[in-house]
Every structure is written in C-alpha cells, then in structure tokens.
Amino acid sequence: MSHPVDEYQRRLAKLNQLKEQGQDPFGHHSCARTHSIAQLHSDFAQLEGQVVSVAGRIVALREHGKSTFADLQDASATVQIYAQLDVLGEDDYTHFQDLDLGDIIVVEGELFQTRSDEVTVRCAAFLLLAKALRPLPEKFHGLQDQELRYRQRYVDLLANEQVRELFRARSRIIQAARDYLSQRDFLEVETPMLQPLYGGAAARPFTTYHNTLQMQLYMRIAPELYLKRLIVGGYERVFEMGRVFRNEGIDTRHNPEYTLLEVYEAYADYEDMMTLTEGLVGAMCQAVHGALKFTYQGHEINLTPPWQRISLLEAIREYGGVDLSGIESAEAAREQAVAAGLERQTLEGQSLGYVIDKLADRFVQPQLIQPTFITDYPVEISPLAKRKPDNAQLTERFEPFIGGIEIGNAFSELNDPLDQRERFEAQAAARAAGDEEAHPLDEDFIRALEYGMPPTGGLGLGIDRLVMLLTDQPNLREVIFFPLLRPSDE
RNA sequence: GGGCCGUUAGCUCAGUCGGUAGAGCAUCGGACUUUUAAUCCGAGGGUCGCAGGUUCGAUCCCUGCACGGCCCA
C-alpha cells in the first residue's frame, strides 16, 4: 500500500474480495438463531456445554494470534465469542480475522465459561450477514457530538447503550398511559392530521396542499375539535395519542412535531381531569421508576396525590410577588408586569389574559418543581373552556406543572354553542389585531355543539415533555429519535 | 430575532501568548490460543467548519457565513 487508504475504502475492498470468492454478505442467508444473547446469560446453567446459535453486531475484537475474542451485541445483551485456529481451521479462522468492528454475523458453537467466568460461545462456525463499511465510534466514550447524535441517531443508538435504554423507557411510559386509559374504558381513536381548518390550541400551523381536491390543508395543531365531535356522537370516553405539528420555534422544550395525548370524558369536569392527570402521570412514573418519586435535574419530585392546586392569580401573587387583585384593564396589568421586569414591547396591545399568562410563564412556572395544578385561566386565552360559575372572566381550566415544566392543559369543555361562537368571534378579532395564534372559526364544530355535547372534561398531556422529566433529560431532543435539524452541508 | 459558547484525525479530546499540530481509541504491519477499555513493538492518517481581512507568515487575531449548544425574546 503505497497510498493511504481510508477505512471505508479498506472495508469496501474486503467486501469486493468476498464477492469475488463467491460470497455475498448481503445475500440471502438463513440465520436461525436458537437464543437471544440475554438468554445465554440468564439460562447459562442449563445451556452450558450445549451448542447455541446467536447473531448480532461485532462491537469489540481482541486478537491473540491463533485465537481471537469478539464481543457480539444483539438487542438483548452482549456475549463474548471465542474463535480458535484449531477449531475453525486455517481458512475459516482467517476469514474470522478479516471481520471488522461493526460487522453483523451469526455464530454457532458450544457455550462455556472462560477462566474469568465470562460466558462465551466457542465459535465452531460463523457467517457474515452484513458488512459494515463505516467504522464504529470510539468504544469507550461512544458518540458524544450532540449534533451527530441527532443527525445520525442510528449511530448514537448502536454505540450508546444508555440511549437505547432511554427510548425503551419512552416506550414503556407510552404503553403505561395506554394501559391506564384502556383499563378505564377509554376508547383509543384516530382523527385527521390533515385538516381543512386547524384548531384546538393557540399555535401557527403548517400548511400543505391537496392536488386532486385543489385545496389548502393544515397539519393539525391538536386533535381537540375532532375528539369533541366524537363525544357529541355518543362516545363517552375517548383518547388519542399522536403527533401534532406546530409551526413555531425550536428549543429545549419545543419540537415542531411532538406527541400529544388528549383525553375526553363525558359527564366529567376539570376537577375530574386533575384526578385523571394524577393517576395517569403516576402510572407513567411507575412504569419506569416503580414508585411515585423520581429525580429531575437534581430535584426530588413526588407525584403522590393530591397535587398542589392554586389559581393563576394566587400563584402570581405568591410566587411572583405581583398582586393583580382589583386590576381590570390590560393597561394596568401591563404596568404591573413591566414594573416586575417583563419587557413592555412584548406586552403592547395584548389582552389582560395574555399579560397574566406571561407573568406566570416568567415568574411562576420555573418555581413549580413539585407537581402543581395552576387553575382558573382568563377566558380570553381559553376560547374552548367553560366559564367559572362564579366569575365569567375565568374558566374551569388548569395546566399541570412538574419540575418547572408545563406538561399539559385541561378544562371543563365549553359545550354552549352560542358562547362558543362568541369566543371564536373574539378570536377572529384578536387575529385581525395581529394575533397569529388565534383560532379560526370552525362552523362545523359549532354545528356539532348545536346537536348537544354532554358536559365533558378534556385533558391534553405533552408526552415528550413527560418522557423528558421521567428520564431526567434536560433537552426534549434527547427523547425524540429524529428531532428536526437544519440540513447540514455534507 | 438577540447574547454567549462550540466546530482540530473515523471517534473522544489536548494544543499552538501567530512560525502549517498531538494523545487515546479505531486503522495498517509484527508478536501472542482464556482476553475482556487485552498487552507489547512499529507505521500511516489532518484544506484545524467555510469565505474574506490583517500579517513576512493565520488553525490561532478580526469580519462575515454555515451548522450545533446554552440562555433570553
């Protein structure tokens, strides 16, 4: 080799050499596995001395001249393979030595223990099932570069066991939520992701186009308005867990597409939704911690019900030191907010409810480490929630917070079609005034309410954020397999 | 959108008060039949993110850009 050859070229040459010898690693191979690798360990007492067949990726190679050790990894575990010249014969042993880190093989041989008690397969035969043309990341540190980890999650996963485990935890958490609801007779349903009109949240949508129908469509920002139509239709307990799409910024707690759980229960109200939230989030926590306690970024968090309940205005007074009692105009609230340290510019022209919400975001939310329900949100920022019986300016709504993070939103659903129309009209006015997150008016949804919707409690939970909390991750992107990134140059 | 930080070998990271760079792992060659972050001997591998500027000379200083991270909006 007069010229330096890079690793990819080296491996490609090996692949071509194999093909010339009549072997195609990517061809059809029967790879009858007798056991998962985890079974070799768990059932070693029974399997010792027997011939087993396991398959996986080579993640380590230790060559000793006339014998070679390899570590083979499948989805369940890792096991050591021992290849010996006098067992395999010269040709096969040479082929074994030609294997590279990352190659995927199937190995057959007797199971034994080395003198240091390592469970090991004595390789009697092996077959290359897939050639890895690219080298693995560094074996001890794995792949650390955050950008690469997200862009090439497959490498992150194959190199970092803790990342594989993290996403298994995500799956268990989601399964726990489904089980919890199914056991309580909630029906899992599916509603449109492509919608002619979007609604159910304050957010800007992604827009798309249907060619044949020649119409603009929106990716849903929430399933809410469809799920409530199903309550009108007579189902009493429904839920949907699925992706929603919001055309807004990306940060440690926002990804443009994320997984939202929405639950609706007829003949229930927002207080029932608090109880449901406590039970549901508790079950999700149990699924990964086996208890109602966990640690998030150094904070001990206890999910034992009942969670703290405090109204939005009380919370602002208690946690933020801003007393808005008696304040009725947006201007007066804005002055208070600016005095407290909010930027005037962001509050200009906004409603009283908006100012209150911003005060809470800034001064209250970060302090809500233990699970807390903030209740009684202003009606102008809650266009789908029922008003409080004793105060028409507030709604029967709450947001749950854990670890300083908002994890959901819930209310007694507004079922008065006449009030709903007025709310939509107020939203239209807000939109005309420049609020791009205001709801468009959905005539068909009002018509559905006009057929009569029973009193209903509704709950939305941000699944990614809950997973982030329950797995102690500081960044939402850590719990989304393929977070959205700008394309790189390469 | 703003501020701060990062981008050096395939990977993990050092480093150069401005004189074109190092380690470990990985790779290649040699030794080694119970090792396991194997060990020992030897070797190759870099447009130091991209583009300009300052300078005799830039990976290092300056400006812009790209991508990412953290914080703020």
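Order of the sequence lines sets the chain letters (A, B, ...), proteins ahead of strands, with each chain counted from 1.
Only the C1' atoms considered, B:rC50 is 43 Å distant from B:rU39, to the nearest whole Å. Taking the C1' atoms as reference points, B:rG30 lies 22 Å from B:rU34, given to the whole Å. Rounded to whole Å, the separation between the P atoms of B:rU59 and B:rG2 comes to 29 Å. Across B:rA23 and B:rA51, the matching P atoms stand 27 Å from one another, rounded to whole Å. Atom name C1', nucleotides B:rU20 and B:rG57: the rounded distance is 10 Å, in whole Å. Remark: the separation of the P atoms in B:rG64 and B:rG1 is 16 Å, to the nearest Å. Taking the C1' atom of each, B:rA38 and B:rG49 are spaced 37 Å apart, rounded to whole Å. Rounded to whole Å, the P atom of B:rC13 lies 25 Å from the corresponding atom of B:rG45.
Relative to the side chain of A:T346, the nucleotides B:rC32, B:rA73, B:rU27 differ in distance, and B:rA73 lies closest. With B:rU33, B:rC11, B:rA37 as the choices, the nucleotide that has an atom nearest any side-chain atom of A:P137 turns out to be B:rC11. Considering only side-chain atoms of A:L485, the nucleotide from B:rG68, B:rG24, B:rA37 that sits closest is B:rG68. Closest approach to the A:K14 side chain among B:rC28, B:rU35, B:rA73 is made by B:rC28 (side chain taken as heavy atoms from C-beta onward). Ranking B:rU12, B:rA26, B:rC70 by closeness to the A:D145 side chain, first place goes to B:rU12. Listed nucleotides B:rA73, B:rU12, B:rC70 differ in distance to A:E138; the shortest reach to its side chain belongs to B:rU12.
Residue A:Y150 is in sugar-phosphate contact alone, with no base atom involved, counting any heavy-atom pair closer than 4.0 Å across all strands shown. In this structure, A:T252 reaches the sugar-phosphate backbone alone: every heavy-atom distance under 4.0 Å involves primed, P, OP1 or OP2 atoms, never a base. Among the protein residues, A:E63 comes within range of the nucleic acid bases, having at least one heavy atom under 4.0 Å from a base atom. In this structure, A:Q144 reaches the sugar-phosphate backbone alone: every heavy-atom distance under 4.0 Å involves primed, P, OP1 or OP2 atoms, never a base. Counting any heavy atom pair closer than 4.0 Å across all strands shown, A:G142 reaches sugar-phosphate atoms only and no base atom. At the heavy-atom level, A:F112 lies under 4.0 Å from base atoms of the strands shown. When heavy atoms are screened at a 4.0 angstrom cut-off, A:D71 is found touching no nucleic acid atom at all. Using a 4.0 Å heavy-atom distance criterion, A:L136 is classed as making no nucleic acid contact. Within 4.0 Å (heavy atoms only), A:R11 reaches no atom of the nucleic acid at all.
Remark: B:rC40 base-pairs with B:rG30. Criterion, Watson-Crick or G-U wobble with two distances under 3.5 Å. For B:rU59, there is no paired base (Watson-Crick or G-U wobble, both distances below 3.5 Å). Shown here, B:rC17 forms no base pair; nothing in the strands shown gives a Watson-Crick or G-U wobble contact with both key distances under 3.5 Å. Remark: B:rG68 base-pairs with B:rC5; criterion is Watson-Crick or G-U wobble with both hydrogen-bond distances under 3.5 Å. Within the shown strands, B:rC25 is the pairing partner of B:rG10 under the Watson-Crick or G-U definition, both distances less than 3.5 Å.
Atom-to-atom, CG of A:L88 to P of B:rU33 comes out at 15 Å; the value is rounded to the nearest Å. Straight-line distance from the CG atom of A:D117 to the C1' atom of B:rU35: 14 Å, rounded to whole Å. Across the protein-nucleic acid pair, A:Y8 atom OH and B:rC28 atom P stand 17 Å apart, rounded to whole Å. What separates OH of A:Y93 from C1' of B:rC32 is a distance of 10 Å, to the nearest Å. When rounded to the nearest whole Å, the span between NE2 of A:H64 and C1' of B:rA38 equals 5 Å. Note: CG (A:L148) to P (B:rG6) measures 19 Å, nearest angstrom. A straight line from CG of A:L158 to P of B:rG10 spans 18 Å, rounded to a whole angstrom. In this structure, A:D6 atom CG and B:rC11 atom C1' are separated by 15 Å, rounded to whole Å.
Geometrically, A:R122 engages A:F112 in a cation-pi contact defined by less than 6.0 Å to the ring centre and at most 45° from the axis.
The backbone N or O of A:A332 lies less than 3.5 Å from a partner atom in the side chain of A:S329, making a donor-acceptor pair.
Under the 3.5 Å distance criterion, with hydrogens and angles disregarded, no donor-acceptor pair is assigned to the side chains of A:R33 and A:S53.
Summary of the strand contacts: A:P135 and A:Q113 both lie near RNA chain B, and taking for each the nucleotide with the nearest heavy atom, the more 5' one is attributed to A:P135. Residues A:T120 and A:R477 both approach RNA chain B. Their nearest nucleotides, taken by heavy-atom distance, put A:T120 toward the 5′ side.
Contact of A:D86 with B:rU33 (side chain to base): a donor-acceptor pair of N or O atoms is detected under 3.5 Å. In terms of polar N and O atoms assigned as donor or acceptor, the side chain of A:Q80 comes within less than 3.5 Å of the base of B:rU35 in a complementary pairing. Between the base of B:rU27 and the side chain of A:E7 there is no donor-acceptor pair shorter than 3.5 Å.
Taking the side chain as every heavy atom from C-beta outward, A:F398 and A:T277 approach each other to under 4.5 Å. Looking at A:R423 and A:L384, their side chains never come closer than 4.5 Å, going by heavy atoms from C-beta outward. Contact of the A:L111 side chain with the A:V119 side chain is registered, since non-hydrogen atoms from C-beta on lie closer than 4.5 Å. Side-chain atoms of A:L470 and A:F294, non-hydrogen and from C-beta on, do get closer than 4.5 Å to each other.
Put simply, A:R115 has a side-chain N or O that comes within less than 4.0 Å of OP1 or OP2 on B:rU35. Contact annotation: A:R10 side-chain N/O to B:rC28 OP1/OP2 distance is under 4.0 Å. An OP1 or OP2 oxygen of B:rU35 is reached within less than 4.0 angstrom by no side-chain nitrogen or oxygen of A:R62. Contact check, A:K139 against B:rC11: no side-chain N or O comes under 4.0 Å of OP1 or OP2.
Salt bridge A:E437/A:R246: absent, no basic N to carboxylate O contact under 4.0 Å.
No option in A:L72, A:I81, A:D71 other than A:L72 meets the side chain to side chain contact (heavy atoms under 4.5 Å, CB included) test with A:I58.
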